[in-house]
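To start, the structure itself, in structure tokens.
Both ligands and their constituent atoms are indexed starting at 1 by order of listing. What you see is a predicted model; the values in this text were computed from it and never measured.
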Amino acid sequence: MKLVVTGGAGYIGSVVTSQLLDAGHDVTVVDDLSTGHEDAVPPGATFVRARIHDIGDHLDGADGVLHFAAKSLVGESVESPELYWENNVVGSFALLEAVRAAGVPRFVFSSTAACYGEPDVSPITEDVTPAPINPYGHSKYAVDLMLTGYARAHGLGATSLRYFNVGGARGRFGERHAVETHLIPNVLMVPAGKRERMNIFGDDYDTPDGTAVRDYLHVVDLGRAHLLALDTSEAGRHRVFNLGSGTGYSVREVLDTCRSVTDHDIPADAQPRRPGDPTTLVASSARARAELGWSPEYGIDEIVTDAWDFMRSGVAAERS
Ligand code: UFG
């Protein structure tokens, strides 16, 4: 297929672009490089530096769009909500209008567990009513709602993939954020010699060891779900899938995995909770398993191992 990937110079977008190219697709990456890196665009993809607001005629003849480009820092979204409405909502609206004008039939969107806010059920199915608690979650859910309308009114085959916690790397494509907030890369900075100690944000949660529980998914498994979403897309239907492993790990369990993978005694300090962090977020991926035929292959050990190899060398054995 002829595909356009927005945000293909970023972490998840570059990994999925590499998988699409390996599967034989023709890929154009559109990225404004506001947070991405041009050298992360996989060789073989055509690169266009542009904002999603100004995608112009780059969608002509496309069979599908995979839309990763977004601002994605929860804390920043609370401080500067306008950035999230302008980039994630206004930008996505402009992109969808361009998709409609060009008659692109398929659209796969990076949605998020943040749509669910702080649900009191676990695991979380797609039937849980979205109730985001910060502007990042609001902005992603707003686009999910747009897709429902565009599918119904304009026949778009749309899929929202609600990611839980994504980690790991695919060879030289991995996580390189200027501001790193995510747990695994922050922990690995200690054995990498980039920081002395790691912080545990909250050890007084109502969980077995007092630290928050999340559902970690390998980026390669996440990427495969995008290829399946494209292949199974249906005109006029908006599908929503939660993507996670279905297993929760506490911050302390992730820390212990990092210690054993790196063979480093990573010192850790308990700190106050990070505002807005839910206690537990674990996905039910039953719908993705049933309708996409998807299931994750890799677990927390491979996620940490590949993130560590990426951080150390930027080159790791590829998992396909
Ligand atoms: N954490 C630490 N120390 C750190 C970094 C994180 O203890 O140095 C904790 C956090 O407080 C949280 C857990 O580790 O309890 C995971 O934190 P991440 O920042 O890695 O991930 P989040 O669960 O906060 O974020 C994920 C997605 C976001 C999404 C959010 C919705 O990465 O895109 O879920 O809640 F918005």
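Using a 4.0 Å cut-off to heavy atoms of Thr181, the atoms of ligand 1 that qualify are 5 (C), 6 (C), 19 (O). The distance from ligand 1 to the heavy atoms of Leu281 drops below 4.0 Å at these ligand atoms: 35 (O). Interface atoms of ligand 1 facing Tyr216, defined by a heavy-atom separation under 4.0 Å, are 16 (C). In the vicinity of Ala212, heavy-atom distances shorter than 4.0 Å reach the ligand 1 atoms 15 (O). Under a 4.0 Å criterion applied to the non-hydrogen atoms of Ile200, ligand 1 contributes the atoms 7 (O). Within ligand 1, the atoms closer than 4.0 Å to a non-hydrogen atom of Asn199 are 2 (C), 3 (N), 4 (C), 7 (O), 8 (O), numbered from 1 in the order shown.
With contacts defined as side-chain heavy-atom distances shorter than 4.5 Å, the pair Pro130/Asp144 does not qualify.
Any N or O atom pair closer than 3.5 Å counts here, and Ala114 shares no such pair with ligand 1. Looking at Ser72 next to ligand 1, no N or O pair under 3.5 Å apart turns up. Considering backbone and side-chain N/O atoms, Asn165 comes within less than 3.5 Å of an N/O atom of ligand 1. For ligand 1, none of its N or O atoms has an N or O atom of Val74 under 3.5 Å away.
Residue Tyr136 holds the heavy atom nearest to atom 33 (O) of ligand 1 of all those in Tyr205, Tyr136, Tyr116, Tyr163. Of all the listed residues (Thr280, Asp215, Val251), Val251 holds the heavy atom that lies closest to atom 13 (C) of ligand 1. Distances from atom 20 (O) of ligand 1 to the heavy atoms of Val254, Val187, Leu183 put Leu183 nearest. With atom 24 (O) of ligand 1 as the reference point, the heavy atom nearest to it among Glu180, Arg274, Arg214 is part of Arg274.
In terms of protein heavy-atom proximity, atom 32 (O) of ligand 1 is nearest to His182 NE2, 3.0 Å. Of all protein heavy atoms, the one lying nearest to atom 4 (C) of ligand 1 is Phe201 CE1, 3.5 Å. Nearest non-hydrogen protein atom to atom 12 (C) of ligand 1 is Asp277 OD2, 3.8 Å.
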Problem set entry | Verdict with reasoning, Tyr163 to His226, per ring pair (Phe, Tyr, Trp, His ring centres under 6.0 Å) | CA-CA 11 Å; Tyr163 309 164; His226 293 69; 5.5 Å; yes
For this session: For salt bridge (charged side-chain N to carboxylate O under 4.0 Å, His left out), just list the numbers for Asp31 and Arg51, CA-CA rounded to whole Å, side-chain angles, deciding distance to a tenth of an Å, and then say yes or no.
Result: CA-CA 6 Å; Asp31 196 301; Arg51 297 186 81 204; over 6 Å; no
For this session: Tell me, with the steps shown, if Ser111 and Val143 meet side chain to side chain contact (heavy atoms under 4.5 Å, CB included).
Result: CA-CA 8 Å; Ser111 188; Val143 179; over 6 Å; no
For this session: Determine, step by step, whether Val166 and Tyr11 satisfy the side chain to side chain contact (heavy atoms under 4.5 Å, CB included) criterion, reporting the C-alpha distance in whole Å, the side-chain angles of both residues, the deciding distance to 0.1 Å, and the verdict.
Result: CA-CA 10 Å; Val166 184; Tyr11 168 39; 4.1 Å; yes
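For Phe47, the CZ atom sits in a packed shell: over 12 heavy atoms of surrounding residues, nucleotides or ligands are nearer than 6.0 Å.
Donor-acceptor pairing under 3.5 Å is recorded for the side chains of Thr159 and Arg239.
By the definition of a contact as any protein heavy atom under 4.0 Å away, atom 26 (C) of ligand 1 is in contact.
Distance alone, capped at 3.5 Å, is enough to place a donor-acceptor pair between the Asn186 side chain and the His182 backbone.
Note on ring orientation: taking the six-membered ring where Trp is involved, the planes of Tyr298 and His218 are tilted (angle from 30° to 60°).
The cationic group of Arg162 lies under 6.0 Å from the six-membered ring centre of Tyr116 and within 45° of the ring axis, placing it in a cation-pi geometry. Remark: Arg214 fails to qualify as a cation-pi partner of Phe164 under the 6.0 Å distance and 45° angle criteria applied to the six-membered ring.
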